[in-house]
Amino acid sequence: MRLVLFDIDGTLLREGIAPKIAFARALRETYATAGPVGTFRFAGMTDPECVTEIMREAGVADDLILQRREECLRRYVAYLEEEMPNHDGAHLYPGVRELLERLNKLDDVLVGLLTGNVLRGAQMKLRRWNLEPYFRFGAFGDDHENRAVLASIALQKAHALSGREFIGSDTTVIGDTPKDIACARAIGARAVAVATGLVSRAELAAAVPDVLLDSFENHEAALRAIFP
Ligand SMILES: [Mg+2]
């Protein structure tokens, strides 16, 4: 059985400006500053990591950041729910639905999420496109702040769900940043990179994924990339 783990932002979809606005509101309300949120590069980072990094850059002390981080992320999801309907620019990438449809029809494949989004944020982003039913489980930003650790958590959750023990060589991790590739390597998994997000093709190639795709538009090619 093969375990296939997808990142969300930049890989399946683009959410537009709403998450950044929700983050700014949550940070300001929690820490009295939004720091450099406007120019911060969120790609590949977990939500808790984003809070920590942005507030460090704003000069907030580490113990205070940690102490209020959960509260900040709770506010973030509440504001995300409020902001999502107010902004255009959300986008489902070409071929994504067809690829997920195909994968879900295959025997011997378990499809899950491996994302830095906190659970509720992930659910909202997927629900907009009715993608939730394609994923049997997931590892999320509220499971751990470190993406590499999230990969091991995903293996454990896949085991708990299926009763089958997965190792890295049974697993494909799919994402749009060098951090997704590093996260695949952390568990010895196959790394498939897709250049639909904010990271350039050249930057992704430099991180040496097993396969680098321009998009999932050709879902035959995407399927071949996922299976070694
Ligand atoms: Mg991503």
Side-chain angles (χ1 to χ4, degrees), residues 4-20 22-23 37 39-54 73 76-77 80 84 89-97 99-100 111-129 131-132 134-135 138-151 153-154 171-187 189-217 222 225-226:
V4 182
L5 299 169
F6 283 89
D7 169 56
I8 297 180
D9 298 275
T11 300
L12 303 175
L13 56 85
R14 201 182 84 119
E15 192 42 66
I17 195 73
K20 202 163 238 195
F23 240 95
V37 70
T39 52
F40 188 76
R41 228 177 146 200
F42 284 76
M45 300 189 61
T46 65
D47 287 346
E49 259 178 343
C50 292
V51 173
T52 298
E53 289 307 312
I54 297 168
L73 289 168
Y76 160 69
V77 289
L80 183 62
M84 273 176 64
H91 187 79
L92 179 68
Y93 294 127
V96 164
R97 190 181 305 282
L99 175 62
L100 293 172
V111 182
L113 294 163
L114 175 43
T115 172
N117 280 280
V118 290
L119 171 65
R120 277 195 56 212
Q123 287 172 329
M124 281 186 253
K125 291 176 182 181
L126 294 176
R127 200 166 292 152
R128 187 200 276 274
W129 305 103
L131 294 182
E132 272 185 301
Y134 294 116
F135 301 98
F140 301 93
D142 27 20
D143 291 319
H144 205 280
E145 67 175 307
N146 180 322
R147 197 172 195 112
V149 178
L150 275 189
I153 293 174
T171 307
T172 302
V173 173
I174 306 166
D176 69 307
T177 72
K179 288 194 164 73
D180 298 272
I181 298 167
C183 153
R185 298 306 179 214
I187 54 163
R190 182 173 176 81
V192 174
V194 59
T196 37
L198 296 174
V199 178
S200 71
R201 202 176 202 286
E203 199 181 328
L204 282 174
V208 204
D210 291 292
V211 183
L212 174 51
L213 300 167
D214 289 317
S215 78
F216 297 138
E217 200 155 12
I226 288 168

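Just follow the structure's listing: the first ligand is 1, and inside any ligand the first atom is 1. If you read the sequence from its start, that first residue is 1, and numbering goes on from there. Every heavy atom of this structure was used, including side-chain atoms; hydrogens, water molecules and symmetry mates were not.
- Per residue D176, closest N, O or S atom to the Mg ion (ligand 1): atom name OD1.
- In D7, the N, O or S atom that comes nearest to the Mg ion (ligand 1) is OD2.
- At a threshold of 4.5 Å between non-hydrogen side-chain atoms, the residues Y134 and L12 do not count as touching.
- No side-chain N or O of T196 forms a donor-acceptor pair with one of D176 less than 3.5 Å apart.
- The shortest distance between side-chain heavy atoms of I8 and L131 does not fall below 4.5 Å.
- The two residues P19 and Y76 come nearest to each other via the heavy atoms O-CE1, 3.6 Å.
- If you look at D9 and ask which of its N, O or S atoms sits nearest the Mg ion (ligand 1), the answer is O.
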